[in-house]
Amino acid sequence: MEREYPLARVRNFGIIAHIDAGKTTTSERVLYYTGMSHKIGEVHNGETTTDWMEQERERGITITAAAVTCNWIPTYSQGDKKNSYRFNIIDTPGHIDFTVEVKRSLRVLDGAVVVFDGVAGVEPQSETNWRYADEANVPRICFVNKLDRTGASFEHSYSTILDRLSKKAVRAQIPIGLEENHEGVIDLLEMKAYYFEGEMGNKVVQKEIPENMMVEAKKYHDELIERIVENDDDQMTAYLDGVIPSLPELKKSLRKAVIANNIFPVYAGSALKNKGVQLVLDAVVDYLPAPDDIKAISGVNPDTEELLERNPSDTEPFAALAFKSMVDPFVGQLVFFRVYSGTLEAGSYVYNPRTGNKERLSRIVRMQADQREEVKKVFAGEIAAAVGLKDTKTSDTLSDEKNPIALDRIKFPEPVINLRIEPKTKADQEKMGMALNKLADEDPTFKVSTDPETEETIIAGMGELHLEIIVDRMKREFNVEANVGKPQVAYRETITGEAQAEGKYIKQSGGKGNYGHVKIKIKPMDLSVDPKDLPKNVKRDGFFEFINNIKGGAIPGEYMAPIEKGLREGLDRGVVAGFRMENVSVDLYDGSYHDVDSNEMAFKIAASMAVQDAARAARPVILEPMMKVEVVTPDKFMGDVNGSLSSRRGLIEGMENRGMNQVVNAIVPLSEMFGYMTALRSMTEGRAGFTMEFLRYDIVPSNVAEDIIKNRK
């Protein structure tokens with residue numbers, strides 16, 4: 001089987017935005033204009049292709065990232081099929097509770113279209129998604145959507161992008177008219193006006209720029225050209241001598257600058273009113289990278305730890321990253337993966353460096369949201385899903401057994417909220433454990449644990465809606481009925497000082513005894529040091545650092561792993577109120593062993609005792625999750641809103657106008673935000689709304705800490 005599209009004609013990109021900016025509506029237009037769907041599904045009718053889960057259609061929000069493959073012939077190619085491009089698109093959620101979907105999608109995509117609401121401009125989740133795209137170094141195109149809405153302003157939205165996201169943004173288009181007069185857009189590079197006629201705006205008509213907009217268009221055209229030539233020394237020199245580069249040269253330079261993340265072009269339109277989407281797709285072709293524009297992916301040889309690279313080519317050894325798994329009612333476990341190099345045929349084996357095992361892939365499917373199209377072979381730069389991988393989890397590398405490679409794992413945020421959950425009946429008991437484990441395999445930000453004291457099951461996630469959806473899915477997909485407790489905050493503990501301790505576990509009981517003895521120092525972890533710069537004897541894993549300073553064989557090397565395990569177990573149960581301890585650096589500097597009586601268990605217990613003793617002496621404190629809260633309220637309720645946030649221990653950071661409303665930005669502890677929606681609605685006649693997202697962990701004030709400790713007991 002030959003490759004259908006050469007690498008240069010493939011684009012892997014995501015559509016990302018704050019909730020309600022119109023991502024899914026934009027995705028539906030993309031599917032319609034690329035010929036993938038014959039009618040446009042609307043979010044408000046619950047008929048969209050990419051929002052296919054029942055929970056998504058009922059709530060009108062995106063919960064899970066949906067992958068779609070389609071083909072696009074740029075509008076300037078006049079329907080010439082030889083100029084067709086293959087698009088692999090992921091429509092991601094905008095709600096903060098499902099932020100994991102954005103993070104993992106951006107890891108495997110080459111580019112992104114960031115959608116903004118033309119009235120609100122940049123919103124909190126736009127900032128988070130932009131930050132994730134920065135971390136993943138993903139080139140972006142901005143699309144200011146909803147310019148047909150009352151109160152829409154392209155210039156306001158554009159200025160919020162410059163202020164809050166990046167000074168590298170530049171207008172590539174400006175709209176012709178706003179609100180109900182929004183008719184089309186002006187392309188500032190070509191200096192042409194575009195209108196969208198025919199059924200569902202499928203005919204893109206090029207005209208001259210309206211006379212009353214010529215001065216404005218010329219001004220922004222010059223600004224755009226200056227920004228492009230700044231990135232090319234030869235063009236800049238020529239430009240200063242009065243020579244303006246040709247359109248193909250400008251496009252080429254702009255492409256280079258976008259791929260290097262030096263320019264983020266901004267486009268305009270209204271997906272709902274079918275204006276502007278096709279030109280954004282043309283921009284994806286013209287400016288977002290193909291897989292072969294991206295530098296080689298790096299990883300390590302799992303056996304030797306040596307650094308390796310894989311180029312985006314079909315002839316290199318196979319390497320892919322599994323970025324998502326889900327249970328499909330028809331085919332079982334589906335594992336989504338991005339192929340970075342090489343090819344893979346259905347029915348062949350892949351090697352997983354994490355497990356050290358080979359697995360057979362029975363089928364490969366290309367996804368159209370929840371529909372599947374079977375394919376025999378996938379090539380470098382493609383995104384597909386595998387059927388038949390039983391032991392592959394999110395973040396695992398799939399590679400060629402003869403040339404193994406382990407790619408960097410995706411880092412996910414920790415859950416901040418938890419619930420106690422119990423099955424309603426005896427019959428639900430067994431099914432519940434299985435259902436929760438399957439859901440936890442799918443979603444790395446969802447964790448399941450058991451309270452060691454009460455034996456109750458605890459589920460933890462990113463927010464109330466996240467856990468509500470999990471419980472709802474358990475009921476619908478796995479037929480498990482459950483009783484759920486009140487949401488609880490996922491507190492943590494840490495230390496603020498330094499301390500030393502000694503742990504000895506010696507037991508004689510006739511015959512062979514037990515002997516383990518360790519000496520440790522603990523201190524807060526230095527988070528300013530990059531994990532890559534740590535010395536060889538330091539092992540940092542998330543929230544715990546282990547320093548092995550044993551000299552002269554005081555403790556044999558074989559006991560290091562059990563000592564580390566004992567330290568972890570000791571920190572899992574904090575000394576103030578029993579919450580997990582974080583950001584603790586443990587230095588194992590001495591100890592002793594017995595030739596006959598020493599064993600792994602004795603050292604594990606000694607380490608656990610030592611770290612608990614040291615933590616008690618190192619000024620331990622409780623930490624609580626702090627949320628970044630944005631409240632949008634009519635002017636007249638401003639005082640009430642500020643007062644209510646302050647009474648919830650909130651710190652108000654700033655206020656601004658947004659259209660007819662005021663926006664209040666604050667940092668508030670998560671524990672104070674339960675039930676806030678109801679309180680906010682009642683104090684503002686139902687006219688205000690808010691969004692919140694996790695910001696950081698802070699130390700709990702002592703009076704609040706006392707209450708937390710009392711409640712734990």
Side-chain angles (χ1 to χ4, degrees), residues 19 55 59 61 63-64 93-103 124-125 128 411-422 432 435-437 439-440 442-451 454 456-475 482-494 542-543 572 574 576-582 622-631 645 648-650 666-680 690-700 704-705 707-709 711-712:
I19 192 165
Q55 293 89 337
R59 290 172 170 81
I61 61 167
I63 290 167
T64 180
H95 196 289
I96 183 63
D97 285 15
F98 310 106
T99 185
V100 57
E101 296 286 348
V102 184
K103 203 166 168 82
Q125 192 61 21
T128 305
K411 291 188 176 68
F412 293 110
E414 286 286 306
V416 292
I417 193 166
N418 47 37
L419 290 175
R420 295 179 185 276
I421 185 168
E422 59 181 30
M432 184 176 96
L436 289 175
N437 286 335
L439 291 165
E442 272 185 35
D443 182 350
T445 57
F446 170 62
K447 300 267 197 297
V448 184
S449 60
T450 307
D451 186 318
T454 60
E456 289 172 304
T457 302
I458 293 167
I459 57 173
M462 299 306 292
E464 289 180 82
L465 180 64
H466 186 197
L467 294 180
E468 188 188 312
I469 298 283
I470 292 275
V471 174
D472 193 30
R473 285 187 62 191
M474 208 164 72
K475 187 172 163 182
N483 295 321
V484 178
K486 273 200 188 133
Q488 304 285 324
V489 176
Y491 292 105
R492 299 272 185 265
E493 293 181 25
T494 192
F543 303 100
D572 263 349
V576 183
F579 299 109
R580 190 181 89 195
M581 299 200 82
E582 289 190 347
I622 299 176
L623 299 172
E624 64 179 343
M626 305 298 288
M627 310 305 278
K628 192 169 154 191
V629 178
E630 181 185 277
V631 183
L645 288 171
R648 291 171 184 263
R649 294 197 284 128
I667 296 169
V668 192
L670 173 63
S671 58
E672 304 285 346
M673 290 302 291
F674 293 130
Y676 183 61
M677 194 49 152
T678 316
L680 182 66
F690 83 99
T691 54
M692 70 172 181
E693 61 175 302
F694 173 69
L695 181 65
R696 59 170 185 257
Y697 270 98
D698 275 356
I699 294 174
V700 172
V704 180
D707 290 342
I708 295 169
I709 296 164
N711 290 339
R712 282 289 273 187

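Since we're looking at a predicted model, the values are computed, not measured. We use all heavy atoms of the structure for the numbers below, so side chains are in, but hydrogens, waters and symmetry mates are not.
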All salt bridge (Lys or Arg N to Asp or Glu O under 4.0 Å) counterparts of Glu442, not counting sequence neighbours: Arg473

Go through the steps to decide whether Glu624 and Ile708 satisfy the test side-chain contact (heavy atoms from CB on, under 4.5 Å), and finish with yes or no. CA-CA 11 Å; Glu624 64 179 343; Ile708 295 169; 5.6 Å; no

Shortest non-hydrogen contact from Ser671 to Arg649? OG-NH2, 3.5 Å

Which distance, rounded to the nearest 0.5 Å, do you find between the CG of Leu436 and the CD1 of Ile458? 12.0 Å

Those residues that, when tested against Arg648, pass salt bridge (Lys or Arg N to Asp or Glu O under 4.0 Å) (two or more places apart): none

I need the Leu670 CG to Tyr491 OH distance, nearest 0.5 Å. 8.0 Å

Could you give me the CA-CA distance, side-chain angles and deciding distance for Val700 and Leu623, then say whether side-chain contact (heavy atoms from CB on, under 4.5 Å) is met? CA-CA 5 Å; Val700 172; Leu623 299 172; 5.8 Å; no

Mind listing the closest non-hydrogen atom pair of Met432 and Glu422 along with its distance? SD-C, 4.0 Å

Starting at CG of Leu439, measure out to CD1 of Ile459 and round the result to the nearest 0.5 Å. 9.0 Å

What are the two closest non-hydrogen atoms of Asn418 and Val489, and how far apart are they? OD1-O, 4.1 Å

In this structure, CE of Met673 is separated from CE of Met692 (nearest 0.5 Å) by 5.5 Å

Please give me the minimum heavy-atom distance between Ile417 and Ala490, naming the atom from each residue. N-CB, 4.0 Å

Minimal non-hydrogen separation, Pro415 against Tyr697, with atom names: O-OH, 4.1 Å

From CD1 (Ile667) to CE (Met627), nearest 0.5 Å: 11.5 Å

What are the two closest non-hydrogen atoms of Ala460 and Leu467, and how far apart are they? C-CD2, 3.8 Å

At what distance, to the nearest 0.5 angstrom, does OH of Tyr676 lie from CG of Leu645? 4.0 Å

side-chain hydrogen bond (donor to acceptor under 3.5 Å, both in side chains) partners of Asp698, counting only residues at least two apart: Arg696

Got a sec, which residues hit ring pair (Phe, Tyr, Trp, His ring centres under 6.0 Å) with Phe446, two or more places apart in sequence or on another chain? none

Set of side-chain hydrogen bond (donor to acceptor under 3.5 Å, both in side chains) partners for Glu582, sequence neighbours left out: Arg492, Arg580

Identify, with sequence neighbours excluded, every residue that meets side-chain hydrogen bond (donor to acceptor under 3.5 Å, both in side chains) alongside Glu493. none

